[in-house]
Amino acid sequence: MRRIVPKEFYLRSTDVVAKELLGKLLVRTLGSRRLSGVIVETEAYFGVEDPASRARRGGDLAKTLYGEVGVALVYGIHRQWLLNVVAHEQGKGGAVLIRAIEPVEGIELMIKNRGVSKITELTNGPGKLTKALMIDKSFHKKPMYEESSELFIEYYIDVNEEDIVRDYRIGVSKDLNEPHRYYVKWSKYVSKRKVYKQS
DNA sequence: CGCCAGATTGACT
DNA sequence: GTCAATCTGGCGG
(Lines give C-alpha, C1' and ligand atoms only; values in the text may rest on other atoms or scores of the structure.)
Protein backbone atom coordinates (compact mmCIF):
# COMPACT_ATOMS: atom_id res chain seq x y z
CA MET A 1 0.00 0.00 0.00
CA ARG A 2 1.39 3.32 -1.05
CA ARG A 3 0.92 6.46 0.94
CA ILE A 4 2.21 9.90 0.06
CA VAL A 5 3.84 11.97 2.79
CA PRO A 6 1.33 14.77 3.55
CA LYS A 7 2.00 18.49 3.56
CA GLU A 8 1.85 18.71 7.39
CA PHE A 9 4.97 16.54 7.58
CA TYR A 10 6.98 19.49 6.30
CA LEU A 11 5.60 22.06 8.73
CA ARG A 12 8.17 21.17 11.39
CA SER A 13 11.75 22.06 12.11
CA THR A 14 13.94 21.63 9.03
CA ASP A 15 16.39 19.41 10.91
CA VAL A 16 13.68 16.99 12.02
CA VAL A 17 12.23 16.78 8.51
CA ALA A 18 15.70 16.21 7.02
CA LYS A 19 16.30 13.32 9.40
CA GLU A 20 12.86 11.79 8.97
CA LEU A 21 13.00 11.91 5.18
CA LEU A 22 15.62 9.15 5.35
CA GLY A 23 13.97 5.87 4.33
CA LYS A 24 11.19 7.58 2.38
CA LEU A 25 10.71 6.86 -1.31
CA LEU A 26 11.28 9.64 -3.82
CA VAL A 27 9.01 8.94 -6.79
CA ARG A 28 9.01 10.41 -10.28
CA THR A 29 6.18 9.27 -12.56
CA LEU A 30 6.11 9.28 -16.34
CA GLY A 31 2.58 8.31 -17.19
CA SER A 32 2.17 4.83 -15.72
CA ARG A 33 5.90 4.41 -15.36
CA ARG A 34 7.66 4.96 -12.06
CA LEU A 35 11.22 5.95 -11.32
CA SER A 36 11.99 5.84 -7.63
CA GLY A 37 14.62 5.51 -4.95
CA VAL A 38 14.97 5.43 -1.18
CA ILE A 39 16.28 8.66 0.30
CA VAL A 40 19.52 7.88 2.15
CA GLU A 41 21.18 11.30 2.49
CA THR A 42 19.81 14.78 3.20
CA GLU A 43 20.96 18.18 4.39
CA ALA A 44 19.03 20.95 6.13
CA TYR A 45 19.30 24.53 4.94
CA PHE A 46 17.78 27.46 6.74
CA GLY A 47 16.86 31.09 6.17
CA VAL A 48 18.90 34.28 6.19
CA GLU A 49 20.71 33.20 9.37
CA ASP A 50 22.39 30.40 7.39
CA PRO A 51 25.51 31.57 5.50
CA ALA A 52 25.19 28.69 3.03
CA SER A 53 21.52 29.32 2.27
CA ARG A 54 20.30 30.84 -0.93
CA ALA A 55 17.97 32.93 1.20
CA ARG A 56 20.99 35.16 1.74
CA ARG A 57 20.83 36.27 -1.85
CA GLY A 58 17.19 37.25 -1.84
CA GLY A 59 15.03 36.89 -4.89
CA ASP A 60 12.69 34.08 -5.79
CA LEU A 61 14.58 31.33 -3.97
CA ALA A 62 14.42 33.26 -0.71
CA LYS A 63 10.68 33.74 -1.12
CA THR A 64 10.25 30.04 -1.81
CA LEU A 65 12.34 29.08 1.25
CA TYR A 66 10.07 31.16 3.46
CA GLY A 67 6.91 30.20 1.61
CA GLU A 68 4.56 27.27 1.50
CA VAL A 69 6.00 24.00 2.83
CA GLY A 70 6.00 20.71 0.95
CA VAL A 71 6.84 22.19 -2.43
CA ALA A 72 9.92 21.43 -4.48
CA LEU A 73 12.70 23.98 -4.63
CA VAL A 74 14.84 23.30 -7.66
CA TYR A 75 18.04 25.23 -7.83
CA GLY A 76 20.68 25.23 -10.51
CA ILE A 77 24.39 25.21 -9.71
CA HIS A 78 27.46 24.13 -11.67
CA ARG A 79 25.17 23.04 -14.50
CA GLN A 80 23.25 20.62 -12.27
CA TRP A 81 19.78 20.78 -10.82
CA LEU A 82 19.51 20.22 -7.09
CA LEU A 83 16.26 19.08 -5.52
CA ASN A 84 15.06 20.46 -2.19
CA VAL A 85 11.77 20.23 -0.34
CA VAL A 86 10.65 23.34 1.48
CA ALA A 87 10.27 22.47 5.18
CA HIS A 88 10.18 24.74 8.21
CA GLU A 89 8.11 25.75 11.19
CA GLN A 90 5.41 28.39 10.78
CA GLY A 91 6.98 31.79 10.17
CA LYS A 92 10.49 30.48 9.53
CA GLY A 93 12.43 29.54 6.42
CA GLY A 94 14.20 26.37 5.37
CA ALA A 95 14.46 23.47 2.98
CA VAL A 96 15.87 19.95 2.85
CA LEU A 97 18.34 19.09 0.12
CA ILE A 98 18.02 15.53 -1.11
CA ARG A 99 21.59 14.42 -1.71
CA ALA A 100 21.35 10.71 -2.47
CA ILE A 101 18.87 7.91 -3.09
CA GLU A 102 19.07 4.14 -3.65
CA PRO A 103 17.42 3.21 -6.97
CA VAL A 104 14.30 1.04 -6.57
CA GLU A 105 12.07 1.32 -9.65
CA GLY A 106 12.98 2.18 -13.24
CA ILE A 107 16.66 1.38 -12.95
CA GLU A 108 17.04 0.66 -16.68
CA LEU A 109 15.79 4.13 -17.56
CA MET A 110 18.01 5.73 -14.94
CA ILE A 111 21.02 4.03 -16.49
CA LYS A 112 19.99 5.46 -19.85
CA ASN A 113 19.48 8.94 -18.38
CA ARG A 114 22.83 8.91 -16.63
CA GLY A 115 24.91 7.22 -19.29
CA VAL A 116 26.64 5.00 -16.72
CA SER A 117 25.96 1.36 -15.94
CA LYS A 118 27.27 1.06 -12.41
CA ILE A 119 24.21 1.02 -10.17
CA THR A 120 25.93 2.65 -7.20
CA GLU A 121 26.97 5.60 -9.40
CA LEU A 122 23.42 6.29 -10.58
CA THR A 123 22.01 8.46 -7.81
CA ASN A 124 24.75 8.92 -5.18
CA GLY A 125 24.84 12.71 -5.45
CA PRO A 126 22.38 15.61 -5.68
CA GLY A 127 23.12 16.44 -9.32
CA LYS A 128 23.19 12.78 -10.27
CA LEU A 129 19.79 11.89 -8.91
CA THR A 130 18.03 14.80 -10.58
CA LYS A 131 19.48 13.70 -13.90
CA ALA A 132 18.54 10.05 -13.31
CA LEU A 133 14.95 10.99 -12.42
CA MET A 134 14.66 13.70 -15.08
CA ILE A 135 14.00 16.47 -12.59
CA ASP A 136 14.56 20.02 -13.81
CA LYS A 137 13.46 23.59 -13.17
CA SER A 138 9.94 22.80 -14.37
CA PHE A 139 9.33 21.11 -10.99
CA HIS A 140 10.22 24.27 -9.07
CA LYS A 141 7.46 25.16 -6.57
CA LYS A 142 5.39 22.08 -7.41
CA PRO A 143 3.77 20.35 -4.42
CA MET A 144 5.47 17.09 -3.43
CA TYR A 145 2.44 15.77 -1.57
CA GLU A 146 0.28 15.31 -4.68
CA GLU A 147 0.56 12.52 -7.21
CA SER A 148 -0.41 14.91 -10.01
CA SER A 149 2.92 16.69 -9.63
CA GLU A 150 4.67 13.62 -11.07
CA LEU A 151 7.20 14.08 -8.28
CA PHE A 152 6.34 13.15 -4.72
CA ILE A 153 7.53 11.28 -1.62
CA GLU A 154 5.98 8.10 -0.20
CA TYR A 155 6.36 6.30 3.11
CA TYR A 156 8.63 3.33 2.54
CA ILE A 157 10.87 1.96 5.29
CA ASP A 158 11.71 2.97 8.84
CA VAL A 159 15.33 3.69 9.55
CA ASN A 160 16.58 2.91 13.04
CA GLU A 161 17.79 5.90 15.01
CA GLU A 162 21.18 4.22 15.55
CA ASP A 163 21.65 3.81 11.79
CA ILE A 164 21.47 7.56 11.17
CA VAL A 165 24.73 9.48 11.04
CA ARG A 166 24.79 13.22 11.62
CA ASP A 167 27.65 15.20 10.09
CA TYR A 168 28.58 18.59 8.69
CA ARG A 169 27.24 19.61 5.31
CA ILE A 170 29.24 18.83 2.22
CA GLY A 171 30.68 21.27 -0.29
CA VAL A 172 29.53 24.50 1.32
CA SER A 173 32.13 27.24 1.61
CA LYS A 174 30.66 28.71 4.78
CA ASP A 175 28.95 26.24 7.07
CA LEU A 176 27.20 26.72 10.37
CA ASN A 177 28.92 25.47 13.51
CA GLU A 178 26.48 22.60 13.77
CA PRO A 179 26.10 19.45 11.68
CA HIS A 180 23.04 19.47 9.42
CA ARG A 181 23.71 16.51 7.15
CA TYR A 182 22.02 13.18 7.78
CA TYR A 183 22.68 9.87 6.13
CA VAL A 184 21.96 6.17 6.54
CA LYS A 185 25.01 4.34 7.86
CA TRP A 186 24.49 1.11 5.93
CA SER A 187 23.84 2.66 2.53
CA LYS A 188 26.37 2.24 -0.28
CA TYR A 189 24.76 5.13 -2.14
CA VAL A 190 25.76 7.97 0.17
CA SER A 191 27.98 10.51 -1.59
CA LYS A 192 31.41 9.96 -0.12
CA ARG A 193 33.23 13.21 -0.66
CA LYS A 194 33.89 15.28 2.41
CA VAL A 195 35.12 18.72 1.44
CA TYR A 196 33.58 20.85 4.11
CA LYS A 197 35.54 23.74 5.54
CA GLN A 198 34.94 25.75 8.62
CA SER A 199 34.21 29.44 8.26
C1' DC B 1 23.98 42.83 -20.49
C1' DG B 2 28.36 41.48 -18.13
C1' DC B 3 30.32 39.82 -13.88
C1' DC B 4 30.77 36.43 -10.45
C1' DA B 5 29.93 33.00 -6.76
C1' DG B 6 28.53 28.51 -6.03
C1' DA B 7 24.50 23.20 -1.87
C1' DT B 8 28.87 19.49 -8.35
C1' DT B 9 30.74 16.22 -11.31
C1' DG B 10 33.99 13.70 -13.83
C1' DA B 11 38.38 13.61 -16.16
C1' DC B 12 42.97 13.62 -15.43
C1' DT B 13 47.91 13.87 -12.94
C1' DG C 1 44.76 14.01 -4.95
C1' DT C 2 43.82 18.42 -8.36
C1' DC C 3 41.10 21.19 -11.48
C1' DA C 4 38.09 23.18 -14.86
C1' DA C 5 33.84 22.81 -17.48
C1' DT C 6 29.73 25.27 -17.86
C1' DC C 7 24.83 27.05 -15.85
C1' DT C 8 21.67 29.78 -12.94
C1' DG C 9 20.30 33.81 -10.47
C1' DG C 10 21.28 38.18 -8.27
C1' DC C 11 23.15 42.44 -8.79
C1' DG C 12 25.48 46.55 -10.71
C1' DG C 13 25.81 49.61 -14.71
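Hydrogens, waters and symmetry mates play no part in the numbers below; they use all other heavy atoms, side chains included. First the proteins, then the strands, lettered A, B, ... as listed; each starts at 1.
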Report which part of the nucleic acid Asp60(A) touches: base, sugar-phosphate, or nothing (heavy-atom distance under 4.0 Å, all strands).
-> sugar-phosphate
In whole angstrom, what separates Ile77(A)'s CD1 from dG10(C)'s C1'?
-> 13 Å
Glu147(A) and Thr29(A) side chains, donor-acceptor separation under 3.5 Å = no
Taking a pair to mean Watson-Crick or G-U wobble geometry with both distances below 3.5 Å, dT6(C) pairs with none
Roughly how many Å is it from NE2 in His140(A) to C1' in dA7(B), rounded to a whole number?
-> 15 Å
Between Leu73(A) (CG) and dG9(C) (C1'), how many Å, whole number?
-> 12 Å
Using a distance-only test with no angle check, is there a side-chain donor-acceptor pair under 3.5 angstrom linking Ser138(A) and Asp136(A)?
-> yes
Nearest-angstrom distance from the residue atom NE2 of His78(A) to P of dC3(C) = 16 Å
Against the side chain of Leu61(A), the closest entry in dG10(B), dG6(B), dG9(C) is dG9(C)
Could you check which nucleotide pairs with dA7(B) in any of the strands shown, counting Watson-Crick or G-U wobble with both distances under 3.5 Å?
-> none
Return the nearest nucleotide to the side chain of Leu82(A); candidates are dG6(B), dA5(C), dT8(B).
-> dT8(B)
Is a salt bridge present between Glu150(A) and Lys142(A), judged by a nitrogen-to-oxygen distance below 4.0 Å?
-> no
Which of the following nucleotides, dC7(C), dA7(B), dG9(C), is nearest to the side chain of Lys137(A)?
-> dG9(C)
Tell me what Gln80(A) touches on the nucleic acid: a base, only sugar-phosphate, or nothing, going by heavy atoms under 4.0 Å.
-> base
Flag for Asp60(A)-His140(A): side-chain donor and acceptor within less than 3.5 Å = yes
Considering only side-chain heavy atoms of Trp81(A), which listed nucleotide, dT8(B), dT8(C), dC7(C), is closest?
-> dT8(C)
Expressed in angstrom and rounded to an integer, what is the separation of Glu121(A) atom CD from dT8(B) atom C1'?
-> 13 Å
Atom pair OH/CG of Tyr45(A) and Leu73(A) - distance to nearest 0.5 Å | 12.0 Å
Is the distance from OP1 or OP2 of dT8(B) to the nearest side-chain N or O of Lys131(A) less than 4.0 Å?
-> no
Reckon Arg99(A) has a side-chain N or O less than 4.0 Å from the OP1 or OP2 of dT8(B)?
-> yes
In whole angstroms, the gap separating P of dT8(C) from CG of Leu83(A) amounts to 17 Å
N or O in side chain of Ser173(A) less than 4.0 angstrom from dA7(B) OP1/OP2 = yes
Within the stacking criterion (centroid distance below 5.5 Å, interplanar angle below 30°), does Tyr75(A) stack on dA7(B)?
-> no
Side chain of Lys128(A) - closest among dA7(B), dG10(B), dA5(C) = dG10(B)
Name the nucleic acid region contacted by Arg114(A), choosing base, sugar-phosphate or nothing; use a 4.0 angstrom heavy-atom cut-off, strictly under.
-> sugar-phosphate
Sub-4.5 Å side-chain heavy-atom contact between Ile135(A) and Trp81(A) = no
Below 4.0 angstrom from OP1 or OP2 of dA5(B), is there any side-chain N or O of Lys174(A)?
-> no
Taking the same atom, C1', in dC4(B) and in dA4(C), what whole-Å distance lies between them?
-> 16 Å
Which whole-number value in Å describes the distance from Lys118(A) NZ to dT9(B) P?
-> 15 Å
Using atom CG of Asp50(A) as one end and atom C1' of dG6(B) as the other, report the distance to the nearest whole Å.
-> 14 Å
